[in-house]
Amino acid sequence: MKRLIAIFAVLSMTLAAVARELPRALPDGPLSQSSILAFYDSLMTAPGTQLHGVMILQHGRVVGEMYPEPFGPAYRHTMYSCSKTLVGIGVMLAHEEGLLALDAPILPVLRSALDSILPPEVPEGVECVHVCDLLEMSSGWTADWGLRSRSLHWLSDYLSRPLDFEPGSRFEYDSMVSYLLSAVVQAAVGRPLLDYLNEKLFVPLGIEAAWEQSPEGVSCGGWGLYLHLESMAKIGQLLLQKGSYGGRRILSAQSVDALSACRRTDTWGDCYGGQVWGFKLHPGAYRADGAYGQFIIVVPEYDLVVALTQCTTGDLARQLESIWQVLLHPGKDDKPLSAKAW
């Protein structure tokens, strides 16, 4: 039964309404038919796992794809905190256009376009919070996970809070920090983050995206983005190729390096860059990471991207490690995949 669920034969799948634009190919190098199937099995059999979709890209081509019923490629999936990485990309795009400096204090940027929804005064020290502090999750505030449930004035209420520590001095993960970044980008570029990314990123990559908005008309940033699995893989491939996609330069290599570099190690376990998680055990690899196991994993060493959607309450750290321990660790009996298997 596991083998029936762990379908590798991509071409046997029924085409859905969503376009399948990425090329399909056979695996090579450390990947094989058996290692891909073993990876699927390791995901499906782990306690607490409810897998919705897996896509594996090697050298820019889909070499593995699987959707347990009733899921399929036509579904857009909520990204949870995977959304944060797209906020980071939006910040870097605005920076490259000269519209937003990474060392800019956020308050003047916000007041330039969103002053009507900001508090008239802010506590001491808020004027010292910079864009780069938000990117690295070192804002100066401790997380307030309930604010967005009890307030309709997110920016005003958040910025009215006294700072809890010096901005930039320590890591404090908070989805509302990514919301602040979304508002900063909106103020800098003159339109909501979703509209900006549609022009600069999503449309050029052939991606259809939806993003929840706050009561203030700001893309939620730290959550609320909906993407197809193949769109997630495209974003991973863009990052893997240092900002280039389909022969077109979307983002500079320097910006990708800035987002993906492990700059903070005072985190919950792995290291953090600019709205992107790194792997302490696997230097150079990094990921967009969302609740319940939404992942875009980039492994430059193996020219590999793995995208996952799911609703998993089990051991996600062990699941991530299975990329190296199972997918990239061929067994003794591996054989090349023949065309007949398709």
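Worth saying up front: this structure is predicted, and the values here are computed from it rather than measured. All residue numbers refer to positions in the sequence shown, counting from 1. These values consider heavy atoms only, across backbone and side chains, with no hydrogens, waters or symmetry-generated copies.
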**OP:** Report yes or no: do Met44 and Phe71 belong to one cluster of Ile/Leu/Val/Met/Phe/Trp/Tyr joined by side chain heavy-atom distances under 4.5 Å?
**Re:** no
Original post:
Is a side-chain donor-acceptor pair under 3.5 Å present for Gln275 with Ser178?
Top reply: yes
Subject >> Minimum heavy-atom distance between Gly278 and Cys262, given as atom pair plus value >> reply: CA-SG, 3.8 Å
**OP:** Could you check if a side-chain atom of His153 sits within less than 4.5 angstrom of a side-chain atom of Ile117, using non-hydrogen atoms only?
**Re:** no
**OP:** I would like to know whether Ile207 and Asn198 meet side-chain contact (heavy atoms from CB on, under 4.5 Å); could you show each step before the answer?
**Re:** CA-CA 8 Å; Ile207 290 174; Asn198 272 334; over 6 Å; no
Original post:
Is the side chain of Gln237 donor-acceptor paired with the backbone N or O of Val305 at a distance under 3.5 Å, no angle test?
Top reply: no
**OP:** Kindly state whether the ring of Trp324 and the ring of His329 have centres lying under 6.0 angstrom apart.
**Re:** no
**OP:** Indicate if Trp145 and Leu163 have the same hydrophobic cluster label, given that clusters are the connected sets of ILVMFWY residues with side-chain heavy-atom separations under 4.5 angstrom.
**Re:** yes
**OP:** Measure across Ile297 and Val299 and return the closest heavy-atom pair with its distance rounded to 0.1 Å.
**Re:** CG2-CG2, 4.0 Å
**OP:** Kindly compute the distance separating CG (Leu86) from CG (Leu201), expressed to the nearest 0.5 Å.
**Re:** 6.5 Å
**OP:** Looking only at non-hydrogen atoms, find the nearest pair between Ala258 and Met92 and report the distance.
**Re:** CB-CE, 4.2 Å
**OP:** Go through the side-chain N and O atoms of Gln310 and Gln319 and say whether any donor and acceptor fall under 3.5 Å apart.
**Re:** yes
**OP:** Working to the nearest 0.5 Å, report the span between NZ of Lys234 and OG of Ser231.
**Re:** 5.5 Å
Original post:
What pair of heavy atoms forms the shortest contact from Val276 to Ser260, and how long is it?
Top reply: CG1-CA, 4.3 Å
Subject >> CA sep, side-chain torsions, deciding dist, call: Glu97, His95, side chain to side chain donor-acceptor pair (under 3.5 Å) >> reply: CA-CA 5 Å; Glu97 286 198 281; His95 174 63; over 6 Å; no
**OP:** Could you tell me the separation between the CG atom of Leu320 and the CZ atom of Arg287, rounded to the nearest 0.5 Å?
**Re:** 5.0 Å
Original post:
For the side chain of Ser151 and the backbone of Arg148, is there at least one donor-acceptor N/O pair under 3.5 Å apart?
Top reply: no
**OP:** Sequence neighbours left out, what passes side-chain hydrogen bond (donor to acceptor under 3.5 Å, both in side chains) with Ser156? Give chain and number order.
**Re:** none
**OP:** Give a yes-or-no answer on whether the side chains of Tyr173 and Lys84 include a donor-acceptor pair shorter than 3.5 Å.
**Re:** yes
**OP:** Measure the spacing between CG of Leu193 and OG of Ser219 and express it to the nearest 0.5 Å.
**Re:** 5.0 Å
Subject >> ILVMFWY network linking Trp154 to Leu152, side-chain heavy atoms under 4.5 angstrom >> reply: no
**OP:** Would you name the heavy atoms of Thr265 and Cys271 that are closest together and state the gap between them?
**Re:** CG2-CB, 4.1 Å
**OP:** Say whether, by atom type as modelled, one donor and one acceptor occur between the side chain of Lys200 and the main chain of Ile250 under 3.5 angstrom.
**Re:** no
**OP:** Taking Thr312 for its side chain and Gln50 for its backbone only, find out whether a donor-acceptor pair lies under 3.5 Å.
**Re:** yes
**OP:** Measure the shortest side-chain to side-chain distance between His52 and Pro68 over non-hydrogen atoms and say whether it is less than 4.5 angstrom.
**Re:** no
Original post:
Within a radius of less than 6.0 Å around CZ of Arg191, do more than 12 heavy atoms belonging to other residues, nucleotides or ligands occur?
Top reply: yes
**OP:** Assess the side chains of His59 and Asp303: does a donor N or O sit below 3.5 Å from an acceptor N or O?
**Re:** yes
**OP:** Taking atom types as modelled, find out whether Glu212 and Tyr226 have a side-chain donor-acceptor pair closer than 3.5 angstrom.
**Re:** yes
Original post:
Is it true that Leu51 and Tyr292 fall in one hydrophobic cluster, defined by side-chain heavy atoms closer than 4.5 Å?
Top reply: no
Subject >> Distance (rounded to the nearest 0.5 Å) between Asp174 CG and Ser138 OG >> reply: 12.0 Å
**OP:** Report yes or no: do Ser32 and Ser35 form a side-chain donor-acceptor pair below 3.5 Å?
**Re:** yes
Original post:
So, Thr142 and Glu172: side-chain donor and acceptor under 3.5 Å apart, yes or no?
Top reply: no
Original post:
Where the side chain of Ser214 meets the backbone of Val218, is there a donor-acceptor pair that is under 3.5 Å apart?
Top reply: yes
Original post:
Does the gap between the ring centers of His77 and His228 come in under 6.0 Å?
Top reply: no
Original post:
Once you round to the nearest 0.5 Å, how far does CD1 of Ile296 lie from CG of Leu227?
Top reply: 7.0 Å
Original post:
Around Phe171, counting heavy atoms of other residues, nucleotides and ligands shown, do more than 12 lie under 6.0 Å from its CZ?
Top reply: yes
Subject >> Salt-bridge contact Arg24-Glu230 (side-chain N to carboxylate O under 4.0 Å) >> reply: yes
Original post:
Just checking, is any N or O donor in the side chain of Glu65 or Tyr67 under 3.5 Å from an acceptor N or O on the other one?
Top reply: yes
Original post:
Gly60 and Pro23: which non-hydrogen atoms are nearest, and at how many Å?
Top reply: O-CG, 3.7 Å
Subject >> Verdict with supporting geometry, Leu100 and Val131, side-chain contact (heavy atoms from CB on, under 4.5 Å) >> reply: CA-CA 9 Å; Leu100 182 62; Val131 174; 4.0 Å; yes
Original post:
Can you tell me if Asp133 and Ser139 form a side-chain donor-acceptor pair at under 3.5 Å?
Top reply: no
Original post:
Run the side-chain contact (heavy atoms from CB on, under 4.5 Å) check on Tyr80 and Asp289 step by step: do they pass?
Top reply: CA-CA 8 Å; Tyr80 294 101; Asp289 187 318; over 6 Å; no
Subject >> Basic-acidic side-chain contact under 4.0 Å: Arg150, Asp144 >> reply: yes
Original post:
Is the ring centre of Tyr286 less than 6.0 Å from the ring centre of Phe279?
Top reply: no
Original post:
Does some side-chain heavy atom of Leu31 sit less than 4.5 Å from a side-chain heavy atom of Leu304?
Top reply: yes
Original post:
Is the side chain of Trp223 donor-acceptor paired with the backbone N or O of Cys220 at a distance under 3.5 Å, no angle test?
Top reply: no
Original post:
Would one find more than 12 heavy atoms of other residues, nucleotides or ligands at under 6.0 Å from atom CD of Glu127?
Top reply: yes
Original post:
Within 45° of the axis and under 6.0 Å from the centre of the six-membered ring of Tyr272, does NZ or CZ of Arg263 qualify?
Top reply: no
**OP:** For Glu301 and His282, run side-chain contact (heavy atoms from CB on, under 4.5 Å): C-alpha distance rounded to whole Å, both residues' side-chain angles, the deciding distance at 0.1 Å, then the answer.
**Re:** CA-CA 10 Å; Glu301 181 183 0; His282 307 285; over 6 Å; no
Original post:
Ignoring hydrogens and geometry, is there a side-chain-to-backbone donor-acceptor pair from Ser244 to Gly247 under 3.5 Å?
Top reply: no
